[in-house]
*Asks:* 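Dumping the structure here so I can ask a few things about it.
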Amino acid sequence: MNKKLESIKEKALQEINSSKDENSLNENYRKNFKELSSVFSQMGDLSSEEKKAIGVKANEIKQLVTRAFEEKKETFVKEKKDNSSFFDITIPGKKTKIGHLHPITQAINEAENIFRGMGFSLVEGPELEDEWHNFDALNFPADHPAREMQDTFFVKSKNKKLLMRTHTSPVQIRYMKTHKPPYRIIVPGRVFRNEATDASHEVNFYQIEGLMIDKEISVANFKAVIEEFCRAFFGQDVKIRLRPSFFPFTEPSFEVDMSCSECKGKGCSLCSQTGWLEILGAGMVHPNVLENSGVDSKKWQGFAFGFGWDRWIMLKYKINDVRLFYNGDLRFLNQF
Ligand code: PHE
């Protein structure tokens, strides 16, 4: 019996230690353990003393074999871990997706650079405005139909009449009230109008306001600044023309057209065969606006302009629907 136990032990340890993988290890352990257990059932003829001695020995061997099994198993587990942590430095890395600036913001930055080169600095103002800054101070008389040119979102409030600004022009007032002339600023920002949306109308859109006030600023200066800007932005020799128009806060007022960037003035579907694209409203700042802002209109004069910024970018990139800017569709946005 003793001998048999010894030989089972030798065989079990040898087989366990030489197992090639986890499966054969499990199998070898199971097989030898079974053999070892069968020794107990063969102890019937032995004296109780012998039974005891053999039982103790068999248990010792069981423990020994089990330990050997566990140790061997451990080596397989470790090997697997080592293999799985293998790092192939030749595999190209995964690119982390980071967002980028919205096309409108990118274009504002581009405009800022161009205007900065002409001595303008960038100023911002609140989107929630009061009626005085948005209309009264800009020389819109009370009850004048001009107020209805811009469908306004009024906001319920206790004191002042508040509204979502319909244009960036109120920032002219805010800036002039808090700074001494001369001025050279541009004001990009979001504006709001109660419009039915379609491919060329949105309830919120962007404008870039400009204001230049000094002692002898004229329409000629305005034309030069705008021409310079259009050329820098469109990168070609575009032409500018002014047409008479009306805004309560400028006198005289004009609409500015740029020669069509698509057909270079020959006439195409983009410019409705006219050769010209309407790009902004502008004019010489009305003396009342200067006075409302605390600026002496006898000493200071200058021009203001307002770009419909979305439209401007649509022209540059040939985008046919303004709503694309605001619906967050990455197929669109990722093209910029
Ligand atoms: N604020 C005007 C608009 O929204 C544009 C404008 C700005 C016109 C400055 C003249 C001078 O239509």
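All ligand and atom numbering here is 1-based and tracks the order in the structure. Here the structure is a predicted model, which is why all the values come from computation and not from measurement.
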*Asks:* Should the proximity of Arg193 to ligand 1, defined as any heavy atom under 4.0 Å, be assigned to the side chain, the backbone, both, or neither?
*Replies:*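 The side chain, only.
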
*Asks:* Please confirm whether Phe249 comes under 4.0 Å of ligand 1, counting heavy atoms of the residue only.
*Replies:*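 Yes, Phe249 has a heavy atom closer than 4.0 Å to ligand 1.
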
*Asks:* Show me which atoms of ligand 1 lie under 4.0 Å from any heavy atom of Gly306.
*Replies:*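 Checking each atom against Gly306, I get 6 (C), 7 (C), 9 (C).
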
*Asks:* For His167 and ligand 1, does the shortest N/O to N/O distance drop below 3.5 Å?
*Replies:*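 Yes, at least one N or O pair falls under 3.5 Å.
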
*Asks:* Could you see if Trp309 belongs to whatever hydrophobic cluster contains Ile185? Use Ile, Leu, Val, Met, Phe, Trp, Tyr and a side-chain cutoff under 4.5 Å.
*Replies:*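 Different clusters.
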
*Asks:* Give the table of side-chain donor-acceptor pairs shorter than 3.5 Å for residues 60-74, with sequence neighbours excluded, one pair per line with atom names and distance.
*Replies:*
from, atom 1, to, atom 2, distance (Å)
Thr66, OG1, Tyr29, OH, 3.0
Thr66, OG1, Lys62, O, 2.7
Lys72, NZ, Asn17, O, 3.0

*Asks:* Using distance alone, with no hydrogens and no angle criterion, decide if Lys215 and Gln301 have a side-chain donor and acceptor under 3.5 Å apart.
*Replies:*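 Not at all, the side chains of Lys215 and Gln301 share no donor-acceptor pair under 3.5 Å.
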
*Asks:* Testing the 3.5 Å rule here: is there a donor-acceptor pair between the side chains of Ser169 and Glu209?
*Replies:*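 Yes.
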
*Asks:* For a salt bridge (charged side-chain N to carboxylate O under 4.0 Å, His left out) with Glu35, tell me which candidate from Lys11, Lys4, Lys9 qualifies.
*Replies:*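 Single salt bridge (charged side-chain N to carboxylate O under 4.0 Å, His left out) partner of Glu35 among Lys11, Lys4, Lys9: Lys11.
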
*Asks:* For ligand 1, which part of Ala282 has a heavy atom less than 4.0 Å away: the side chain, the backbone, both, or neither?
*Replies:*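 It is the backbone that touches ligand 1; the side chain stays farther off.
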
*Asks:* Distance check, rounded to the nearest 0.5 Å: Trp312 atom CH2 versus Tyr317 atom OH?
*Replies:*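 Between Trp312 CH2 and Tyr317 OH, I get 11.5 Å after rounding to 0.5 Å.
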
*Asks:* Check residues 280-292 and write down every donor-acceptor pair under 3.5 Å in which the side-chain atom is one partner and the other belongs to a residue at least two apart or another chain.
*Replies:*
from, atom 1, to, atom 2, distance (Å)
His286, ND1, Asn288, N, 3.0
His286, NE2, Asn139, ND2, 3.4
Asn288, ND2, Asn139, OD1, 3.0
Glu291, OE2, Ser297, N, 2.8
Glu291, OE2, Ser297, OG, 2.6
Asn292, ND2, Ala137, O, 2.9
Asn292, ND2, Asn288, O, 3.2

*Asks:* Applying a 4.0 Å heavy-atom criterion (strictly less than), which segment of Phe305 is in contact with ligand 1: side chain, backbone, both, or neither?
*Replies:*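 Answer for Phe305: backbone.
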
*Asks:* Between Ser245, Gly281, Gly308, Pro248, flag the one that comes closest to atom 8 (C) of ligand 1 by a heavy atom.
*Replies:*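 Comparing heavy atoms across Ser245, Gly281, Gly308, Pro248, the nearest one to atom 8 (C) of ligand 1 lies in Gly281.
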
*Asks:* Could you tell me which atoms of ligand 1, counted from 1 in the order shown, lie closer than 4.0 angstrom to a heavy atom of Gln207?
*Replies:*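 That gives atoms 3 (C), 4 (O) of ligand 1.
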
*Asks:* Which ligand 1 atoms does Ser169 reach within 4.0 Å, using its non-hydrogen atoms?
*Replies:*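 Near Ser169, the atoms of ligand 1 are 1 (N), 7 (C).
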
*Asks:* Glu255: heavy atom below 4.0 Å from ligand 1, yes or no?
*Replies:*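 No, Glu255 has no heavy atom closer than 4.0 Å to ligand 1.
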
